[in-house]
Each structure stands twice: as structure tokens, then as C-alpha cells.
> 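First, the structure itself, so that you have it in front of you.
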Amino acid sequence: MAIPLAKLLISAMAVFMLVSVSFATSEMPFMVVHKKATLNRLKSGVERVLVSFDIYNQGSATAYDVTLVDNSWVKKTFEVVNGNTSRSWERLDAGGILSHSFELEAKVKGLFYGAPTVVTFRIPTKTALQKAYSTPILPLDILADIPPTDPLALRILAKYGSLVSVISMVVLFIYLVATPSKSNAAKAGSKKKR
């Protein structure tokens, strides 16, 4: 009974591998969308958010009618200063890269969590639009009170930090070599008793 079960499992694995190889070699676009947001505080106390996208086609076929729509920026909280939150391209060839960016001005102070952006594209072999989601962004602390940093301490740390760490490692090594281990001390004590 174990032999027919083993033959069944082996044949199922072979079929699975053949099917997965056929999917791996099929010509389809594979979109990787990277979303990045950086904060920029201006002197006037205004904070701007620069949002940039990189869309990579890692597949082996061209994607057509590529559309990026980013609706995660609420109008009450942000105002578009430069660029648009949506963009369309006619095509993205296999191995190609598209980039898009826009700038927002923050109106409200607080923590903001952005949702992933949706990129839709068309494949000639399928009638339905395909979707790809971007990477999520880290939470943005907009108009946060930043404690002042001491530039002198940062300069001293940058200048002497590596030297202090090397000296401390050398001292630790010498301490470990110079101090006898407890097992050696116990052995020495047992030898004296004999």
C-alpha cells in the first residue's frame, strides 16, 4: 500500500513541476512598484512631502496602458503643490522602468499612514485590467516637534566613535586573555588537594 501512495505522490510532484515551469516561462509582465515619501521642512515652518514612484516591469512581455493612481493623500490634510497624483503611460517594455513624482504641502500636524498605490495595466492576451500594488510607505510624522540636536556631540561622535570602539575591543580582548578561567582555577585547586 505504501508503494502506490509513493508513486501517486511522485506523479503529483511531476505534474506540479511541469505546470509551474509552464507558468514561469509564459510571457507576462510582472510589475514591481516602489513608492517612497520624504519629508522636507522649509524655513517658514511649512513641511512638504515629496512622493516618488519607480515602476519596474520584471516580466518578459510588454505592459500596455499603464496607469498609476495614488488616492491615499486626503485633500483636508495635503495640498498638491507640484505634479499630479495620477499618471498614465502608453506602454512599459519588459525590463523597463518608469518614474513619477509629485510634491504635497502638509496642512495638518500629526502621524500619517499612507496606503499602497494601485497601478493598472493591460495585457494583450487578457481582457481584464491587471493590478499591481506599490510598497507601503513608513508612517510620516508631519510637522512634528523635532528636538534640537547638538552638532558638537555629533561631530565628536563621528570623529572619535570608531577609535573608542577599537580601543574598547582591544581592552576586552586583553582582559579575556589575562584573567584565568574558572575551570582552570578549579583544576588547580583539585591538583593541590592530591
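Quick caveat, the model's predicted, so the values are computed rather than measured. Both backbone and side-chain heavy atoms feed into the values below; hydrogens, waters and symmetry mates do not.
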> On a heavy-atom basis, which atom in Lys76 and which in Val108 lie closest, and how many Å separate them?
O-CG2, 3.8 Å
> Are any of the side-chain heavy atoms of Lys36 and Thr38 separated by less than 4.5 Å?
yes
> As an exercise, state the distance from CG of Leu104 to CG of Asp70, rounded to the nearest 0.5 Å.
8.5 Å
> Considering all heavy atoms of both residues, which atom of Asp141 and which atom of Glu47 are nearest to each other, and what is their separation?
O-OE1, 4.2 Å
> Can you name the nearest heavy-atom pair linking Ala94 to Ser60, along with the distance?
CB-C, 3.7 Å
> Hydrophobic clusters here meaning ILVMFWY residues chained together by side-chain heavy-atom distances under 4.5 Å, can you tell me if Leu98 and Ile123 are in one?
yes
> At their closest point, which heavy atom of Arg87 faces which heavy atom of Ser99, and how far apart are they?
NH1-O, 4.2 Å
> Who are the side-chain contact (heavy atoms from CB on, under 4.5 Å) partners of Lys107, not counting sequence neighbours?
Glu79
> If a pair satisfies salt bridge (charged side-chain N to carboxylate O under 4.0 Å, His left out) and one of its residues is in residues 114-123, list it, with sequence neighbours excluded.
Asp65-Arg122
> If you link ILVMFWY side chains whenever their heavy atoms are less than 4.5 Å apart, which other residues fall into the same cluster as Val32? By chain and number, please.
Phe30, Tyr56, Ile97
> Can you tell me how far CZ of Phe102 sits from OG of Ser52, rounded to the nearest 0.5 angstrom?
9.0 Å
> Nearest 0.5 Å, please: how far is OG1 in Thr62 from CE in Met28?
13.0 Å
> Looking at side-chain heavy atoms only, is the closest gap between Asn84 and Val80 below 4.5 Å?
no
> Using the salt bridge (charged side-chain N to carboxylate O under 4.0 Å, His left out) criterion, which residues pair with Asp54? Sequence neighbours excluded.
none
> Walk me through it: do Val66 and Val119 pass the test side-chain contact (heavy atoms from CB on, under 4.5 Å)?
CA-CA 7 Å; Val66 179; Val119 173; 3.9 Å; yes
> Lys35 and Thr117: side-chain donor and acceptor closer than 3.5 Å?
yes
> Working to the nearest 0.5 angstrom, can you tell me the gap between Lys131 NZ and Thr67 OG1?
12.0 Å
> Starting at CZ of Phe112, measure out to CG of Leu138 and round the result to the nearest 0.5 Å.
13.0 Å
> Answer with yes or no whether the hydrophobic clustering places Trp89 together with Val33; edges join I, L, V, M, F, W, Y residues whose side-chain heavy atoms lie under 4.5 Å apart.
yes
> Got a second to check how far Tyr133's OH is from Met31's CE, nearest 0.5 Å?
14.5 Å
> Any side-chain heavy atom of Leu140 within less than 4.5 Å of one from Leu39?
yes
> Not counting sequence neighbours, which residues clear salt bridge (charged side-chain N to carboxylate O under 4.0 Å, His left out) with Glu105? List them please.
Arg48
> Can you label the angle between the Trp73 ring and the Phe78 ring as parallel, tilted or perpendicular, going by 30° and 60°?
perpendicular
> Could I get the full list of ring-ring contact (aromatic ring centres under 6.0 Å, His included) partners for Phe121, not counting sequence neighbours?
none
> Is any side-chain heavy atom of Leu92 closer than 4.5 Å to a side-chain heavy atom of Ile55?
yes
> Would you name the heavy atoms of Ala115 and Ser72 that are closest together and state the gap between them?
N-CB, 3.6 Å
> With a 4.5 Å heavy-atom cut-off, do Val166 and Val164 have their side chains touching?
no
